[in-house]
Amino acid sequence: MKGDHLEDLKDELISIVGAENLFIDPRKTRFYRTGIRVGFGQASLVVFPSTLLDFWKILETCIFFDKIIIIQAANTSLTGGSTPFGDDYDRDIIIINTMKIKQLILINKGQQVIAFPGTTLYQLEDNLLPLGRGPHSLIGSSCIGASVIGGVCNNSGGNLVKRGPAYTELSLFARLNSNGRLELVNHLGIELGNSVEEILENLEAVNFSKDNVIPSLKIASDSDYQNRIRDIHANSPARFNADKRRLYESSGCAGKIAVFAVRLDTFPLPKREEVLLLGTNKPDNLTKLRQRILTEIPVLPDMGEYMHRSYFDGSYKYCKDLFILIKFLGTKSLPRIFNLKRIIDEFAVNYNFLPTNFSDKALQFLASIMPNHLPKILLKYRDNYEHLMLFLVSDESIDPMLNLLDEETKMDQDYEYIKCSKSEAKDALLHRYVAGSAPGRYQKLNSKNSAGIIPLDVALPRNFLSWSQLLPNEILSQMAESFQMGHFLCMVFHLDFVVKKGVNIDSLKDKILAILDKNNAKYPAEHNVGHLYKANEDLKGFYQHLDPSNTFNAGIGQTSKKKNYQ
């Protein structure tokens with residue numbers, strides 16, 4: 001029964017991690033129970049393991065006491081997938097935050113890595129840089145400080161066209177099988193011993209030859225992705241979270257198993273890079289350009305990012321403070337800054353004379369009195385063109401892309417591009433990088449005039465042509481503000497809508513999803529279902545196969561929150 005033996009559970013967990021690594025006070029657990037955009041619920045406690053073996057012992061204890069387990073790293077899910085959602089669960093919820101287990105092992109001279117539960121993408125990128133290699137993904141502004149394993153569990157996509165969504169078939173994980181037994185599954189492709197203790201302790205101590213790891217027949221990245229996006233006539237998306245081809249154990253699991261480590265490929269860094277900024281007022285120009293790039297250029301661009309003027313303006317107005325912080329302090333400072341921001345907001349909520357969302361309003365004011373932060377050429381393109389593209393090209397893709405853009409833009413005066421200088425390139429990419437924070441900031445500043453946010457990341461079919469006119473004015477007119485951008489070569493779009501006050505947000509969202517369904521779009525494309533989207537039958541079946549008793553992350557994808565999915 002709910003609440004039974006909770007004191008005994010607390011005592012057991014304290015014996016494993018110590019009282020300092022256990023939060024029980026609701027004021028201390030609130031941050032870990034609250035999603036960064038959506039999601040909030042109750043949890044009995046939050047526990048912080050420091051080793052893989054402690055992680056295992058915590059799992060054993062929570063299962064013995066019949067609790068729901070939510071495993072959380074940086075709590076960056078945009079769809080509420082790493083926090084409780086509501087208070088209608090049939091068992092107590094225990095949140096296990098894994099950010100203290102952040103070891104990273106470079107294997108085979110950095111050609112692959114083994115990431116632990118708290119390893120972040122920042123950490124991975126920093127460790128690979130001296131080796132001239134890069135990670136499978138780059139961090140986005142919407143998920144500051146995100147973990148590597150979190151990206152794998154959610155099939156995160158991102159903007160690196162050549163590398164595809166986060167994916168691996170090589171991992172170490174624990175699952176609760178149909179007999180109610182917790183078992184550790186070592187599919188890393190590395191011999192670490194037989195017992196749980198041997199496997200976990202040998203991995204942490206790196207008791208294996210890390211530069212002579214035997215290559216595996218199983219893949220550690222989405223090696224077929226470039227072929228999929230080049231199929232421009234396919235009536236299906238190139239990637240989306242519920243794609244059966246990319247649901248494999250830890251990949252796409254959405255927290256339905258406890259992932260201890262993943263093995264991933266890394267990639268050589270380019271020797272030369274250029275950033276190209278392109279503008280047009282005719283969406284058909286971009287449609288044709290995409291088709292030519294994917295069918296004619298032998299080596300694809302590294303990125304092909306679309307920004308509608310709405311998102312450019314949103315980033316310019318509402319993300320200026322974040323842009324300045326990153327430009328002068330670097331991305332490494334962001335986790336500490338966001339933690340300080342959280343502390344300030346927790347303090348301000350205790351004083352009625354301070355406004356809600358105090359830190360956001362203070363930062364917005366400070367940014368508003370600072371001088372312009374963007375190069376004039378970016379602002380000129382924004383003034384002249386409704387539709388903007390940023391291409392990052394490197395090495396063998398540079399000259400073919402320049403030749404192709406020369407051909408295309410000569411045909412139409414309402415269509416041009418420039419090769420950015422180094423400083424312009426950095427600012428253009430940073431402007432795109434921070435843009436994902438704009439809808440949330442807008443909503444916080446205008447909460448009295450809005451009913452909330454509908455955040456959609458949508459994968460359109462590869463042959464879809466009318467991407468710029470996806471939703472009718474009847475729907476768009478009910479928005480206080482709309483923000484549109486996307487990973488254009490992949491046909492994955494982020495459509496973030498702030499809904500006007502008084503509009504039924506659930507009814508409006510249903511209408512939008514019906515239009516997407518009619519056009520054979522898939523959603524979510526790269527942020528996973530969380531608690532905002534309903535998991536389709538393939539995804540539900542995958543979850544139930546991984547977690548037959550519904551012990552891990554119960555209710556994800558709007559599935560049952562009850563034991564055994566009753």
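Everything quoted here is computed from the prediction, not taken from an experiment.
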(request) Evaluate ring pair (Phe, Tyr, Trp, His ring centres under 6.0 Å) for Phe31 paired with Phe23, printing each intermediate quantity in order. (result) CA-CA 11 Å; Phe31 170 77; Phe23 286 179; over 10 Å; no
(message) Is there a side-chain contact (heavy atoms from CB on, under 4.5 Å) between Lys501 and Ser450? Walk through the geometry before answering.
(response) CA-CA 4 Å; Lys501 199 78 170 178; Ser450 68; 5.8 Å; no
(message) Applying side-chain hydrogen bond (donor to acceptor under 3.5 Å, both in side chains) to Tyr89 and Lys562, what does each step give before you reach the verdict?
(response) CA-CA 7 Å; Tyr89 296 85; Lys562 308 297 183 184; over 6 Å; no
(request) Run the numbers on Val113 and Leu124 for side-chain contact (heavy atoms from CB on, under 4.5 Å), then give the verdict. (result) CA-CA 9 Å; Val113 298; Leu124 177 57; 3.8 Å; yes
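With Glu198 contributing its side chain and Ser195 its backbone, the two residues share a donor-acceptor pair below 3.5 Å. A donor-acceptor pair under 3.5 Å is formed between the side chain of Thr120 and the backbone N or O of Gln123. Between the side chain of Ser560 and the backbone N or O of Gln566, at least one donor-acceptor pair lies under 3.5 Å. For Glu169 (side chain) and Ala220 (main-chain N/O), no donor-acceptor pair under 3.5 Å exists by modelled atom type. No donor-acceptor pair closer than 3.5 Å links the side chain of Thr76 to the backbone N or O of Ala146. No donor-acceptor pair under 3.5 Å is formed between the side chain of Asn550 and the backbone N or O of Asn564. Gln72 places no side-chain N or O within donor-acceptor distance of the main-chain N or O of Thr98, the cut-off being under 3.5 Å. A donor-acceptor pair is defined here as one N or O able to donate and one able to accept, closer than 3.5 Å; no such pair exists between the side chain of Tyr565 and the backbone of Lys561. Put simply, the side chain of Arg163 never gets that close to the backbone of Ser221: no donor and acceptor are under 3.5 Å apart. Judged by distance alone, with hydrogens and angles left aside, the side-chain atoms of Asn536 form a donor-acceptor pair with the main-chain N or O of Asp538 at under 3.5 Å.
In this structure, Phe483 and Tyr318 have perpendicular ring planes: the angle between them is above 60°, well past the 30° mark. Between His5 and Phe65, the angle of the ring planes lies from 30° to 60°, which puts this pair in the tilted group.
Within the 4.5 Å cutoff, the side chain of Lys361 has heavy atoms near those of the Thr356 side chain. Counting only heavy atoms from C-beta outward, the side chains of Ile94 and Thr61 never approach each other to under 4.5 Å. Residues Arg33 and Pro26 are in side-chain contact: their nearest non-hydrogen atoms beyond the backbone lie under 4.5 Å apart. Side-chain contact between Glu526 and His487: present, with at least one pair of heavy atoms (C-beta onward) separated by less than 4.5 Å. No side-chain heavy atom of Asp265 sits less than 4.5 Å from a side-chain heavy atom of His136.
Evaluation of the ring-ring contact (aromatic ring centres under 6.0 Å, His included) rule for Phe493 yields Trp467 as partners, not counting sequence neighbours. Asn553 pairs by the side-chain hydrogen bond (donor to acceptor under 3.5 Å, both in side chains) definition with nothing, not counting sequence neighbours. Residues satisfying the salt bridge (charged side-chain N to carboxylate O under 4.0 Å, His left out) test with Arg228, not counting sequence neighbours, are Asp222. For the salt bridge (charged side-chain N to carboxylate O under 4.0 Å, His left out) test, residues two or more places apart in sequence or in another chain that qualify with Lys444 are Asp360. Remark: Asp224 pairs with no residue by the salt bridge (charged side-chain N to carboxylate O under 4.0 Å, His left out) rule, at least two apart or across chains. In this structure, Asp457 has no side-chain hydrogen bond (donor to acceptor under 3.5 Å, both in side chains) partners at least two apart in sequence or on a different chain. Scanning for side chain to side chain contact (heavy atoms under 4.5 Å, CB included) contacts around Glu537 gives Lys540, with sequence neighbours left out. In terms of the side-chain hydrogen bond (donor to acceptor under 3.5 Å, both in side chains) criterion, residue partners of Asn177 (sequence neighbours excluded) are, by chain and number, Glu183. Residues meeting the side chain to side chain contact (heavy atoms under 4.5 Å, CB included) test with Asp510, sequence neighbours left out: none. Every residue two or more places apart in sequence or in another chain that forms a salt bridge (charged side-chain N to carboxylate O under 4.0 Å, His left out) with Lys563 is listed here: Asp66. Under the rule for a side-chain hydrogen bond (donor to acceptor under 3.5 Å, both in side chains), Asn446 has no partner lying at least two apart in sequence or in another chain.
Across all their heavy atoms, Cys490 and Tyr225 have their closest contact at SG-OH, 2.9 Å. Across all non-hydrogen atoms, the minimal contact from Gln103 to Thr119 is O-OG1, 2.6 Å. Considering all non-hydrogen atoms of both residues, Val498 and Ile453 come closest at CG2-CG1, 4.3 Å. Taking all atoms of both residues into account, the shortest heavy-atom contact from Asp243 to Ala238 is OD2-O, 4.4 Å. Here the closest non-hydrogen pair linking Gly252 and Asn155 is CA-OD1, 3.4 Å. Closest of all the heavy-atom pairs between Ser171 and Glu249 is OG-OE1, 4.3 Å.
In this structure, Lys67 pairs ionically with Asp92, as a charged nitrogen and a carboxylate oxygen lie closer than 4.0 Å. Between Lys10 and Glu7 a salt bridge is recorded (basic side-chain N to carboxylate O distance below 4.0 Å). For Arg175 and Asp547, the salt-bridge test fails: no basic side-chain N is under 4.0 Å from an acidic carboxylate O.
Atom-to-atom distance recorded for Lys522:NZ and Asp517:CG is 8.0 Å, nearest 0.5 angstrom. Rounding to the nearest 0.5 Å gives a distance of 10.0 Å between CG of Leu539 and CZ of Phe240. Atom CG of Leu192 and atom CG of Leu172 lie 7.5 Å apart (nearest 0.5 Å). With rounding to the nearest 0.5 angstrom, the CZ atom of Arg263 is 11.5 Å from the CD1 atom of Ile105. Atom CE of Met485 sits about 6.0 Å away from atom NE2 of His494, to the nearest 0.5 Å. Rounded to the nearest 0.5 Å, atoms CZ (Phe323) and OG (Ser437) are 13.5 Å apart.
Other residues, nucleotides and ligands contribute only 12 or fewer heavy atoms inside 6.0 Å of the NZ atom of Lys210. The local environment of CZ in Arg245 is crowded, with over 12 non-hydrogen atoms from other residues, nucleotides or ligands closer than 6.0 Å. For CZ of Phe40, the number of neighbouring non-hydrogen atoms (other residues, nucleotides, ligands) closer than 6.0 Å is greater than 12.
Pairs of residues two or more places apart, or lying in two chains, that qualify as ring-ring contact (aromatic ring centres under 6.0 Å, His included) and include a residue from residues 533-556 are Tyr523-Tyr533.
Here Phe260 and Phe55 bring their ring centres to under 6.0 angstrom of each other.
Side-chain polar atoms of Thr34 and Arg30 form no donor-acceptor pair below 3.5 angstrom.
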